[in-house]
Each structure stands twice: as C-alpha cells, then as structure tokens.
Q: 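Starting off with a structure, shown below.
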Number of protein chains: 2
Amino acid sequence: MAKRPTIHDVAAAAGVSRGTVSRVLNDDRYVSPAAHAAVRRAITETGYIVNRNARSLVTQRTGSVVMVLSEPHEKVFEDPNYGVLIRTAIRRLAERDVSLVVMLAGDDGDRERVLRYVRGGHADGVFLVSTHAGDTLADALVKTRVPAVAQGAVVGRENAIPYAAADDREGARQMARYLVEQGRRRIATITGPMDTPGGVQRLEGFADVLGRKASRRLIEHGDWTQLSGESAMARLLERAPDLDAVFVASDLMAAGALATLRAAGRRVPDDVAVGGFDDSSIAVSTHPPLTTIRQPLAQVAEETVRLLLELVDGADRVEPVILPTTLVVRDSA
Amino acid sequence: MAKRPTIHDVAAAAGVSRGTVSRVLNDDRYVSPAAHAAVRRAITETGYIVNRNARSLVTQRTGSVVMVLSEPHEKVFEDPNYGVLIRTAIRRLAERDVSLVVMLAGDDGDRERVLRYVRGGHADGVFLVSTHAGDTLADALVKTRVPAVAQGAVVGRENAIPYAAADDREGARQMARYLVEQGRRRIATITGPMDTPGGVQRLEGFADVLGRKASRRLIEHGDWTQLSGESAMARLLERAPDLDAVFVASDLMAAGALATLRAAGRRVPDDVAVGGFDDSSIAVSTHPPLTTIRQPLAQVAEETVRLLLELVDGADRVEPVILPTTLVVRDSA
DNA sequence: AGAATGTCTGGGAGCGTTCACAGACTGAAG
DNA sequence: CTTCAGTCTGTGAACGCTCCCAGACATTCT
C-alpha cells in the first residue's frame, strides 16, 4: 500500500499549517473562506483521509460502539429479531459516521474479552442486546461508567441502564383480551425466560387480563428458541389437554408450538388458537400465518441508538423509551 | 472515567523501562525471566490494558476486520444464513482477538463509506458477503490492495478475490437427481439472481442433470427473498401448470414457493415436490419440512475467515475452498 | 489616538505505543 | 586475557492527529 497522505501533506498542498487543516476538518470556527477553500481542494487533490487512530489517541473518542449479544452462541441470530436490530443500528449509526463492532457474550471468556475491549477505550459506548438478569457483564460495564444502553430493560438494572423497548405488558394484554373476545375459555401461555423483560412482562400482561384463570397449570416457560416452544407446547398439552388457546411470547416459539399442535392432531385455529408476539418475519411464513402482537423493533433499535449517542455526547442521563404495540390478526387465532 | 494506566505506569511499577514492557506485551524474545515476571505482575496490579489506537498508529495494524453486507437494507438478514455467517465469523476472529465491524453496502453512499473506512486503514481486511457481479466496491477494494475475501465467489472476480463456498453445482445436481429418481417428470426450478454464484451454479447443476428437459419454460428467477419465491412460483404455475416438482435455490425462497402452492391448492409433496437449498433453520419450520441440500455454512464462514487471516498475516495468495454438500430428505419431496 | 475585542493563523506539546539503536553484561572460544 | 556472539535493557524518535497558546491583524468603542 502506498504511503497515505497525512495532514501535513494537505497543509503543504494548501499552503497553510496543520492547525488550519485540523480546524477545517473539525468544523471549527475561525477559518477564513480562502483558507477553507484551499484546504478543501487540497483534501480532494491528495485523497486525504483522516487517521482515526491518531485522532482517537488525542480525543479519547473512537467513533465506534460495540453491540453485545448476550446469548449462548448457537441461539444468537436464531430469532430474526436480531437481524432487524443489528441492521437498523448499523444504519442509524452510519448516519453519524459511527461504526458498529459486534461481539458475542455467550460465555465468561467472551464477557472478559468484551470488558477488556471496552475498558481499553476501544468503543465510545455499548449497546446491550438480550441481556439477562444477573449478567455480570452489565454490572461491570456500569461500574466502568462507559455509556451503555440496552434493547429492552435489563431486569434488576432498569435504572442503571437506559433502554428502549416495546410495551410488552400492554402488548400481552392486547392479545389476551383478543383471545377472550374470540370466546376462548381455557387460554394457556408459553412465556420467555423469566430473567428477561419480555419473559416477565408479557406474562404479567397476560395475567392482568386472565386474572385467576391464569393458573400455573396453564403457564409454561420457554427460552425464546423454536425448540423450546415445541417442548413447552407438548408439556402444556399433556397437563391441560382441554386448552383451546395459547399465547406464545414470541413468534419463533409460536412456530415451534404450531409444529407440536400439528403433530398432536390439533387444528389451528379451530381446536386451538395460537397468538404470537413480535410480528417478525416468521409470522407470515408459518402455516397458518400467525395472529400476533407487532412490536416496532426497528423503531426500538433506532431509539436505543439515539439514547446511546446522547450519552456518548455527554448527556448525564436519558429517559427510557417505551413504544406501543399493535394487534395483528392473521389466521392462527 | 479515571485515567487509565499507560505503559509508563506499568514500567514504573515493574521497575523496568517502557521497552521491556512492550517486549513482554508483544511476546518478544530477549526478556529475562525476572523482568518478565515483574512486568506481568505490574500489569495485573495496575489493571493495564494496551491502547490499540496508539499501537495501530505505529504498527499500521488495527486488529479488526470489516464484514460488508452487499444487499439492499431491507433484504439483509432476511435470510437466516446471514446470522450463521456473522456469528461464526465473530467467534473465529475472537480466538485471534480480532474484532468484527459490520457494515452495510446497500447503496452508493454506503459503499463510499465502506471504502473510506478501509482506505483510512481502519481495518486489516475485508470479508465480503453476498457480493453481486459488477459490484463497484469489490473492484475498488481490490485496487486498494487491502486483504479481501468473499463468502461465495464474486462472479467475474473469481481470481481476484479468494473465497470459500459450498459446492453449489454439485449440490444442485444431487437435488435434481433425487427428484428424477423419485419419478418426477416435469421439474421446474426457481434460481437465485444470476449475478450471484449461487444463482448461476445451482442452475447449472440443475441443467447438468435435466439436460434439455430444463427448458426455459421451467426456469424462473428469484432474488433470494421469500416474496420472490412466492411470485416466481406463481409465474411457474401459470406457465407450466403441469409441473410436478420444483427445485428452489434457497430454503427461504422455497418457503415462499410453498405458500403459493398451498394457496393454489397443490399438495406438497403429493402434487408437487419441493426441494430447497441451504438446510437453514427455515427448512424445519415450514410445513411440510423441506427436503433440501445442506451446505456447511458455518464451515464456509470458518474457512473464509481463515483465508482472510492468512492474507492479513502476509500470505501473497490463498486458494479458494469448496466444501461438499449433502442431500437431506424430509417431507417436501 | 489608544484600548479593547474579535478573527484568523502557525507551531509546540502531547496522546500511548512500537521500533531501531546503542550499550551493558554474560559466557564461551581463541 | 581478549574477542566475540548472544542476551538483555533503556532511550530517542517516530506514528498522525488535536489542543492550546501566542501573536498578527482588523474592527469597533471610548
């Protein structure tokens, strides 16, 4: 690779000093129009590109943030929600010329690496995804005082780590109400893990509507994977063969539940109505297509990024953002 | 954030000079056991973490590579293959303590940004994903002489950009042979875009087996999206209502084809056999589950990363890697 | 006129590393 | 005892940038 032009070369080409070039680069005031034009021309002529390392060295800013995916490796990206999140975050960050480093935090070694990376000052901020309650990394990051936000609250750290999320509880209520209105009498639910906000709050919303009808017999827990949806549904069928509806806390798990129901010879929605949550791409590719709760995940990602950038820009604290959900009726319920 | 310890602090704590600490850090020879121990201790005591910016400034190496996703924004991550790729790459790179920056290259602005980023020396290498023939970015990167590899050949640049890929052509042959053996007579195909290797070679393999039976009437093109699978299937049904099998070049598109067939009242596999390609997570969540060709995508990603790291480490050139595929029989054919 | 204020520019210092070099010390070979 | 090769260590000079300060100059106010 040929030697790249430095700020010196630009300064020489423009007939000004480094200082002036730097001022132009950083959009400072106090640069005469003539100098400004000369520098701009010199920049394009020389093909100059600022060296972020050198800049970071003095500014202590890197122009990049890291997205941390806190799931066991094989689960990461199983749910299409991950794709939406990452794609949206990259786009929003790109607008500000901030780049996104993606790291996995599925085991202790990973978490150690992430921490070293962040403590090393290699990222201006951290975007936590699918962080479970009791995550040691989240605590360590808070202690490091690095700007950090999460997609969805971190259970137990709601006040320490700002977040954007869908209104999980109200969303679950919407689905529960709908199932009741449809005349379903024995409504079960498959929740997410109880150390995630989606797990907890979607169950709460469900219970809000069902009241004491939400008996433990009709509640099963999954771990967001399709397979867990399958097995939770199987347990449910065994324990409550007379159920006529099930609210599954994610579309992916709902796809699993659907498979189990089919294998058991139950027709959907005739025998059993199935309600999902997310309105992810899966919802339209199952058979039958899922009636589900749409959460505006792209918008959640955008808001999360916005919060993070505000923190990076020096805001002392930012308020969590909760976005509304909507019921999407298809064929499964 | 409290001031982070520098190499000076470590040197002082260990009672040696910067140079010695640097030698320990970089695993150099010529450090006495005593000095080595003292430095190691000082490092843990002070909680020292090397500043990569300062290091990069002098070494001209960044310890990070960038993965470039060359699809329109809304298509990126629609296919679960992306997840497998990115997750595997991150893991493999992490073993070498290399971090992964993910960038989108869906439009010209994006490509410009990627190019600036790479030319700016912010990444040691580039991992291209889903790059189409005629991609200007790929050419520009080759010209920049930055280490670059691709997942799947870049059509037209097979020799300029090393890659790892599944044996698309042979995989397609396997499926075509299987459908023939099953007694199917009028076998159609839905290909990927003809400017991608998967699009071209899976059609070639199909044609290898079907010979002149692979008439243009029985060939339709999709763009890898589920929706394109739906519409391609619809066009096929209109043009060749008597078809009794269809080989779809990706599971995601096959899911779309399945939906169209169902809507048209064709039973799968009774009336029409459907063969997919990828054996992605979708294959088991469709109804019926897809008979498909497994491509070892995680392994492809691993090999691609390996090639990239070799180039980054200074290898002049590396040989492309082609990995075998296998037929996976489920219910759709 | 002189002072005060504001605009613009150049250049030294420093960010935290690695690298090359010079020099000190050791032990073995002549 | 000298020479030489090998081992080990410290230090100055980069790497490419931003920040800060001093100073030049122009304009306005008293």
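By convention in this document, chain letters (A, B, ...) are assigned in the order of the sequence lines, proteins followed by strands, and residues within each chain are numbered from 1.
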Q: So, using ring-ring contact (aromatic ring centres under 6.0 Å, His included) as the criterion, who are the partners of Phe77(A) when residues are at least two apart?
A: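 Testing Phe77(A) for ring-ring contact (aromatic ring centres under 6.0 Å, His included), a comparison that skips the adjacent residues, returns Tyr82(A), Phe77(B).
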
Q: Could you list the residues that satisfy side-chain hydrogen bond (donor to acceptor under 3.5 Å, both in side chains) with Tyr163(A), not counting sequence neighbours?
A: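 With sequence neighbours excluded, Tyr163(A) shows a side-chain hydrogen bond (donor to acceptor under 3.5 Å, both in side chains) to no residue whatsoever.
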
Q: Would you mind listing every side chain to side chain donor-acceptor pair (under 3.5 Å) that reaches into residues 35-44 of chain B, with sequence neighbours excluded?
A: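 Side chain to side chain donor-acceptor pair (under 3.5 Å) check on residues 35-44 of chain B returns no pairs.
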
Q: With sequence neighbours excluded, what pairs up with Asp79(A) under the side-chain hydrogen bond (donor to acceptor under 3.5 Å, both in side chains) test?
A: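 Counting only residues at least two positions away or on another chain, Asp79(A) forms a side-chain hydrogen bond (donor to acceptor under 3.5 Å, both in side chains) with Asn81(A).
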
Q: Are any of Ser32(B)'s side-chain N or O atoms less than 4.0 Å away from OP1 or OP2 of dT9(D)?
A: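 Yes, because at least one side-chain N or O of Ser32(B) sits under 4.0 Å from OP1 or OP2 of dT9(D).
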
Q: Near DNA chain D, under 4.0 Å by heavy atom, which residues of residues 36-44 of chain A?
A: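 Contacting residues: none.
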
Q: Excluding sequence neighbours, so at least two apart, what forms side-chain hydrogen bond (donor to acceptor under 3.5 Å, both in side chains) with Glu319(B)?
A: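 Partners of Glu319(B) by the side-chain hydrogen bond (donor to acceptor under 3.5 Å, both in side chains) criterion, ordered by chain and then number, come out as Arg317(B).
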
Q: Taking OH from Tyr30(A) and C1' from dG10(C), how many angstroms apart are they, rounded to a whole number?
A: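 Atom-to-atom, Tyr30(A) to dG10(C), this comes out as 17 Å.
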
Q: Got a sec, which residues hit ring-ring contact (aromatic ring centres under 6.0 Å, His included) with Tyr48(A), two or more places apart in sequence or on another chain?
A: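 Per chain and number, Tyr48(A) pairs via ring-ring contact (aromatic ring centres under 6.0 Å, His included) with no residue.
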
Q: Side chains of residues 300-312 of chain A: which donor-acceptor pairs under 3.5 Å do they make with residues two or more places apart or in other chains?
A:
unit_1    : atom_1 : unit_2    : atom_2 : d
Glu302(A) : OE1    : Arg92(A)  : NH2    : 3.1
Glu302(A) : OE2    : Arg92(A)  : NH2    : 3.4
Glu303(A) : OE1    : Arg306(A) : NE     : 3.0
Glu303(A) : OE1    : Arg306(A) : NH2    : 2.5
Thr304(A) : OG1    : Val300(A) : O      : 2.6
Arg306(A) : NH1    : Glu310(A) : OE2    : 2.8

Q: Quick one: does Val68(B)'s side chain get under 4.5 Å of Ser70(B)'s, heavy atoms only?
A: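 They are in side-chain contact.
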
Q: Please tabulate, one pair per line, each protein N/O and nucleotide N/O from nucleotides 12-18 of chain C that are separated by under 3.5 Å, including the distance.
A:
unit_1  : atom_1 : unit_2   : atom_2 : d
dG12(C) : N7     : Arg18(A) : NH2    : 3.4
dG12(C) : O6     : Arg18(A) : NH2    : 2.4
dA13(C) : N6     : Arg18(A) : NH2    : 3.0
dG16(C) : OP1    : Lys3(B)  : NZ     : 3.3
dG16(C) : N2     : Ala54(B) : O      : 3.4
dT17(C) : OP1    : Tyr48(B) : OH     : 2.7
dT17(C) : OP1    : Asn51(B) : N      : 3.3
dT17(C) : OP2    : Ile7(B)  : N      : 2.7
dT17(C) : O5'    : Tyr48(B) : OH     : 3.1
dT18(C) : OP1    : Asn26(B) : OD1    : 3.4
dT18(C) : OP1    : Asn26(B) : ND2    : 3.0
dT18(C) : OP1    : Arg55(B) : NE     : 2.9
dT18(C) : OP1    : Arg55(B) : NH2    : 3.1
dT18(C) : OP2    : Ser22(B) : OG     : 2.6
dT18(C) : O4     : Arg18(B) : NH2    : 2.8

Q: If the condition is salt bridge (Lys or Arg N to Asp or Glu O under 4.0 Å), which residues does Asp110(A) pass it with, not counting sequence neighbours?
A: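 Salt bridge (Lys or Arg N to Asp or Glu O under 4.0 Å) check on Asp110(A) returns Arg113(A).
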
Q: Going by ring-ring contact (aromatic ring centres under 6.0 Å, His included), name the residues that satisfy it together with His122(A), two or more places apart in sequence or in a different chain.
A: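 By the ring-ring contact (aromatic ring centres under 6.0 Å, His included) rule, His122(A) matches Tyr117(A).
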
Q: Should Thr20(A) be listed as having a side-chain N or O under 4.0 Å from OP1 or OP2 of dG10(C)?
A: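 So the side chain of Thr20(A) is within the cut-off, an N or O lying under 4.0 Å from OP1 or OP2 of dG10(C).
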
Q: Which string of ( ) [ ] | and . matches DNA chain D, if you list each base 5' to 3' and count Watson-Crick or G-U pairs only when both distances are under 3.5 Å?
A: ||||||||||||||||||||||||||||||

